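Just so it is clear, the model here is predicted, and its values are computed rather than measured.
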Amino acid sequence: MMEFLKDESGATAIEYGLIAALIAVAIISGARLLGTSIFETYGSFGTALDNTPDVPN
């Protein structure tokens, strides 16, 4: 019974799972922020192009 209580291999697996979950949350949050930033940048760039005067050929 004491050998079972001293076995920490399950705790290590849980710790790795928590670390992986934390990394996944960080990646998702970063991608969301970056995606919003890129969308706004291209949106303002497109608006600027739409507001440029037409140049005759």
Please tabulate, one pair per line, all N/O donor-acceptor pairs under 3.5 Å involving side-chain atoms of residues 33-47, not counting sequence neighbours.
{"residue": "T36", "atom": "OG1", "partner": "R32", "partner atom": "O", "Å": "2.9"}
{"residue": "T41", "atom": "OG1", "partner": "S37", "partner atom": "O", "Å": "2.9"}
{"residue": "S44", "atom": "OG", "partner": "E40", "partner atom": "O", "Å": "3.3"}
{"residue": "S44", "atom": "OG", "partner": "T41", "partner atom": "O", "Å": "2.9"}
{"residue": "T47", "atom": "OG1", "partner": "G43", "partner atom": "O", "Å": "2.9"}

Where do L18 and I14 land on the side-chain contact (heavy atoms from CB on, under 4.5 Å) test, with the steps shown first? CA-CA 6 Å; L18 290 173; I14 291 172; 4.2 Å; yes
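Cluster partners of I19 are I23, I27, counting Ile, Leu, Val, Met, Phe, Trp and Tyr whose side-chain heavy atoms approach within less than 4.5 Å, directly or via other members.
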